[in-house]
Amino acid sequence: MDMTSTASRIAPRGWRVRLGQGRPDEGIERFLEDLRQQALLAEEQAFTLYERGCRELLTAAADPDLDADWQHACRDYTWRPLEELQRLCCGQCNKPGCRDRLMRLFRRLERLQQTA
């Protein structure tokens, strides 16, 4: 299975998150459920999918044009894909530099929380 095509399937819902359409909790929950389903279907690409989902939430959380409720919810929900990434890093992940990539995402979230 092509990693690019699998990972790109979550993009439409991700863009919905970034645009702040609907209610934050419902939109982000749907986004994360889609992400989880994709990771289950493409287990060998789970790290890449969760990393992309995490980056999408972090980008939305830092978007000054996005409603404050959406920014706050995106920061709060970022922990879910981060926990999955941590689980994958501690498990059988064979992605080069996965721990470094995970730490960069944690630091990015910390910076967002400090500026909020």
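For this chain, numbers begin at 1 and follow the sequence in order.
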Asks: What's the separation between atom SG in Cys74 and atom CG in Leu66, rounded to the nearest 0.5 Å?
Replies: 6.0 Å
Asks: First locate atom CD of Gln38, then atom CG of Leu40, and finally report the distance between them rounded to the nearest 0.5 Å.
Replies: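 Gln38 atom CD to Leu40 atom CG measures 9.5 Å (nearest 0.5 Å).
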Asks: Between CD of Gln86 and CZ of Arg99, what distance do you get to the nearest 0.5 Å?
Replies: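 The distance works out to 9.5 Å.
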Asks: How close do Tyr50 and Pro81 get, heavy atom to heavy atom, and via which atoms?
Replies: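 That would be O-CB, 3.8 Å.
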Asks: Output, in order, the C-alpha distance, side-chain angles, deciding distance and verdict of ring-ring contact (aromatic ring centres under 6.0 Å, His included) for Trp79 and Phe106.
Replies: CA-CA 9 Å; Trp79 286 104; Phe106 270 114; 5.6 Å; yes
Asks: Drop me the distance from Glu56's CD to Leu32's CG, to the nearest 0.5 angstrom.
Replies: 11.0 Å
Asks: Quick check: closest heavy atoms across Leu85 and Glu51, and the distance to 0.1 Å?
Replies: CD2-N, 3.6 Å
Asks: Would you say Gln71's side chain and Asp63's backbone share a donor-acceptor pair under 3.5 angstrom?
Replies: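 Indeed, once roles are kept as given, a pair shorter than 3.5 Å links the two residues.
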Asks: Any salt bridge (Lys or Arg N to Asp or Glu O under 4.0 Å) involving residues 72-85? Give me the pairs, sequence neighbours left out, ordered by first then second residue.
Replies: Glu29-Arg80, Glu84-Arg87
Asks: Do Phe47 and Cys89 have side chains that get closer than 4.5 Å, going by heavy atoms?
Replies: yes
Asks: Table please: side-chain donor-acceptor pairs of residues 107-116 below 3.5 Å, with sequence neighbours left out.
Replies:
residue	atom	partner	partner atom	Å
Arg108	NH2	Thr59	OG1	3.0
Thr115	OG1	Arg111	O	3.3
Thr115	OG1	Leu112	O	3.1

Asks: Calculate, to the nearest 0.5 Å, the distance between atoms OH and CG belonging to Tyr77 and Leu57 respectively.
Replies: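 Reported to 0.5 Å precision, the distance equals 10.5 Å.
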Asks: Between Gly53 and Leu35, what is the shortest heavy-atom contact and its length?
Replies: CA-CD2, 4.0 Å
